[in-house]
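Residues: numbered from 1 along the sequence shown. Both counts, for ligands and for their atoms, begin at 1 and track the order of listing.
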Amino acid sequence: MKDYINKSFPHLIYGADYNPEQWADYPDILEQDMELMKAAHVNEMSVGIFSWAFLEPKEGEYDFSFTDEILDKIYENGGRVILATPSGSRPRWLVEKYPEVMRVTADGKRLGFRDRHNHCYTSPEYRKKVAAIDYKLAERYGNHPAVIAWHISNEYGGRCYCPYCRRAFVEFLRKRYDNDIHKLNEQYWSAFWGLKYDNFEQIEPPTDMSVSAINALYVDWERFVTEQTADFMQNEINAVKSACPNLPVTTNLMWKHHLNYWKIAEKLDFVSWDSYPEWKDPFENASQVAFWHDLFRSLKFRPFLLMESAPGLVNWMAINRLKRPNIDKLQSMQAIAHGSDSVQYFQFRKGRGGKEKFHGAIVDHAGSSDTRIFKIVKEVGETINKIDEIAGTGVKSKVAILFDWENSWAIQYATGFNNGNKKYTETCENYYRAFWKEGVNVDIINSEGNFSKYSIIVAPMLYSLSEKTIDKIEKYVKNGGWIYSTYMSGYVNENDLCYLGGFPSGVLKTVFGIVNEEIDSLYETDEYIVKTVDDKSFKGRDYCEHVIIKGAKTLATIQTEFGNYPALTVNEYGKGKAFYQSFRDSGEFNEYFLRKIVIERRIYKEFDNLPDKLTVHTREDDKTVYVFIENYSEKEQCLISDRKYFDLLNGKIITEIVVKPLSVAVLRRDK
Ligand code: GLA
Ligand code: ZN
């Protein structure tokens, strides 16, 4: 069964952010846009993201004439629209009349009217005004044949410290700690420096001017910011759904973001994200982007949309290089390989002025279809047409990386390690790369995920975890799961309160068959030798725990000034196995062992022994498997198979697959 973003448009989506209001005085340009849209094979435009000032020029006075015209025009020319709610930036009159809609900074300053993405997400007035414009839009366009989905706001993020947010934070804590201040004091360990609270009303968000020595307060503040943002978004979703219940909703997410996206995704019909990697080193960057594609796919385990990507360059990096030849197409195909049902760009046409006038776009200031980028976009469009049948297919994985946002906050605010070099996210990406290189599909889950689906779960640096998660891990391994964990795991509960009785916490000592006595944070210049039992040699850096064996078997040893310690252990527990890596490696070590583990665990791979810098990913439905062979090297690569594949890009049956430098082959086979 295919799972489409919107059943009425069962296709891959190929589109861009489109800001026609910037060109309202240029009717010729707007006409040309339609011709260029068709010429580029673009079938979708994301419209209205920053349109509020035009849609509601005066309070309560709406003007939809321009949007009517644009939506009709796009539809008449064969395009579809993902229509935005405009809350990412607001009209001037709104801020002049209701200054409370703007954010207050941590040092107590209220922002005036400025730019975008700086509203308070608690302000009742802002919520009311946003709901009103959202409802009007939904009422007017909910049944417009062009509109296939809602793009709720734009890149939610940031924190507000206004009186409304402070009050809501206190209420959030009251609820979380059952209105029991003793319970909060106990979890916050607030006897430390005599910081204890007498009542909830005394609690302030952590800033430079308030309590900052309680780590759990930071973690709760981040939890609150996510919850409040999700609630603000829900207010928008309710408004559009009340007028138009059937159109699916999404919002555009970003990588390495501070919000806990699992909580945001719960409220969405499908996930979308904006991908802007540097592409300095195609192979390295591709593995990092792949982690995020898989994470966004795993947020709902269904196709997602690549909502924005840059054709050519962006305008906000320190050095805005053009992407090397072939990379534009490669990044687009990679997204689809990992489960995206779209390739979308920011932006369709470059503005004449303003901050983003030199940001990459399909249509340059030259206004022509005869540019290098336009031709690339057109070629990608043609390719997408050839593989359209992939829309709605899914990804199956037997391996998961556990990446947990709450854990990332806890690590971020904890001190006592190499405080500038904790790199939780990078460490998860690092372990992911081992599977990515092997051509193994991977899901990314958090502590609340369904562990039992997976044959292997890699849970790096799981510093903060609840007793419930400890219990889940124990059951998972007992029932036959294989877990691979690392240094800095099982230290604190969900409120950053250390577990007593030795790390890793509680029964995990028995599951892993080890105890970690202490952790050493190394200087940048420190390097340890790691020797495996089969006499291979690797390097250790950054972190090294002094692990004591309590039943596990040692697979590698790390040589330190304090003596030799287990570097990697494995313990048989129940029907499963638990691996523990006590130090940080740069990738070679975990790749060496995870490769062996993949083989031992018989994880399915479409191809064995992939050549260097070539990887494979699959999507499938009930009957068919689609195979993406991605070549990130500068040379042509070839795979030979016993199976016959249909080559979708060249329209023929093949057994020998030749993939050009920095390009992708897309194949189909029956199941
Ligand atoms: C973000 C925004 C867009 C645009 C691009 C530029 O993703 O959503 O409006 O500013 O960045 O890269
Ligand atoms: Zn606020």
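- Two residues are said to be in side-chain contact when any heavy atoms from C-beta on lie closer than 4.5 Å; Trp221 and Glu204 fail this criterion.
- A salt bridge is absent between Asp364 and Arg372; no separation between the charged side-chain nitrogens and carboxylate oxygens falls under 4.0 Å.
- Proximity to His359 (heavy-atom distance under 4.0 Å) selects the following atoms of ligand 1: 6 (C), 12 (O).
- Counting only heavy atoms from C-beta outward, the side chains of Arg619 and Phe628 approach each other to under 4.5 Å.
- Residue-level proximity to ligand 1 for Met254 is absent, since no heavy atom of it falls below 4.0 angstrom.
- Of the protein's non-hydrogen atoms, Glu308 OE1, 3.4 Å is the one closest to atom 3 (C) of ligand 1.
- Among all non-hydrogen protein atoms, the one lying nearest atom 9 (O) of ligand 1 is Arg116 NH1, 2.9 Å.
- Atom numbering of ligand 1 starts at 1 in the shown order; those under 4.0 Å from a heavy atom of Phe50 are 9 (O).
- For the pair Glu630 and His338, the tightest heavy-atom approach, listed with the atom from each and the gap, is OE1-NE2, 4.4 Å.
- Proximity of His117 to ligand 1, defined as any heavy-atom pair under 4.0 Å, is not found for any part of the residue.
- Centred on the Zn ion (ligand 2), the angle running from Cys120 (SG) to Cys160 (SG) is recorded as 120°, rounding to 10°.
- Within a 6.0 Å sphere centred on CG of Asp370, other residues, nucleotides and ligands contribute 12 heavy atoms or fewer.
- The shortest N/O to N/O separation between Asn315 and ligand 1 does not fall below 3.5 Å.
- Taking the six-membered ring where tryptophan is involved, the planes of Phe403 and Trp292 are perpendicular, since the angle between them exceeds 60° and thus also 30°.
- Which parts of ligand 1 touch Glu356 is read off a 4.0 Å heavy-atom cut-off, strictly below it: atoms 4 (C), 5 (C), 6 (C), 10 (O).
- Neither the backbone nor the side chain of Ile49 has a heavy atom within less than 4.0 Å of ligand 1.
- Note: Tyr188 and Tyr197 have perpendicular aromatic rings, judged against thresholds of 30 and 60 degrees for the angle between ring planes.
- Heavy atoms of Gln347 found under 4.0 angstrom from ligand 1: none, in either backbone or side chain.
- Between Val380 and Tyr345, the closest side-chain pair of non-hydrogen atoms falls below 4.5 Å.
- Inclusion of Asp17 in the set of residues having an N or O under 3.5 Å from an N or O of ligand 1 is not warranted.
- Short contacts between ligand 1 and Glu155, defined as distances under 4.0 Å to a heavy atom of the residue, involve ligand atoms 1 (C), 2 (C), 7 (O), 8 (O).
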